[in-house]
Amino acid sequence: CSQRCASAVSGALTRETHRRARLRAYPRLISRMVDIASPLRLPCGVVLPNRLAKAAMTEALADDLGRATPELASLYAQWSDGGSGLLVTGNVQVDRRYVERPGNVCIDGAQDD
């Protein structure tokens, strides 16, 4: 019992020590935080107006030939109007034989009828 009790007390003291260290470090972390609305300069020199980004998603709004549609353009316009600093395109295929799902945009050749 004494060994288990000593181990439990030691563990509790270790947890408390770590908790106190985190609380002491908190002001330093806050001072290093970056405002998400602040601009971000990319290594290529482009400056994003803020640090909000839309990650790639599958929209499934292409036509039967894999071409972008007005609905897809409208969706990206809405995201752009929302104020994101960076919009990453969705699931764009480079080989129409291996689409992730119907409705993916494909750019593996002529996009004409």
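The basis for the numbers below is simple: all heavy atoms, side chains too, and nothing from hydrogens, waters or symmetry mates.
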What pair of heavy atoms forms the shortest contact from [X] to [Y], and how long is it?
X	Y	value
Ala60	Pro102	CB-O, 3.7 Å
Trp79	Leu87	CB-CD2, 3.8 Å
Lys54	Tyr76	NZ-OH, 3.6 Å
Val94	Asp108	O-CB, 2.9 Å
Arg96	Leu65	NH1-O, 2.7 Å

Interatomic distance, [X] atom [atom1] to [Y] atom [atom2] [nearest 0.5 angstrom]:
X	Y	atom1	atom2	value
Leu75	Ser80	CG	OG	11.0 Å
Asn91	Asn104	CG	CG	4.5 Å
Ser84	Asn50	OG	CG	7.0 Å
Arg101	Thr58	CZ	OG1	6.5 Å
Leu40	Leu52	CG	CG	11.0 Å
Arg67	Ile107	CZ	CD1	15.0 Å

Shared hydrophobic cluster, [X] / [Y] (ILVMFWY, side-chain heavy atoms < 4.5 Å):
X	Y	answer
Val99	Val92	no
Leu48	Val88	yes
Leu86	Met57	no

**Message:** I'd like to know if the side chain of Thr69 and the backbone of Leu61 have a donor-acceptor N/O pair within less than 3.5 Å.
**Reply:** yes
**Message:** Any side-chain to backbone donor/acceptor pair from Arg51 onto Pro39? Under 3.5 Å, distance only.
**Reply:** yes
**Prompt:** Has Asp64 got more than 12 heavy atoms of other residues, nucleotides or ligands less than 6.0 Å from its CG?
**Reply:** no
**Request:** Find out whether Leu42 and Val47 are in side-chain contact, i.e. whether some heavy atom of one side chain is under 4.5 Å from a heavy atom of the other.
**Result:** no
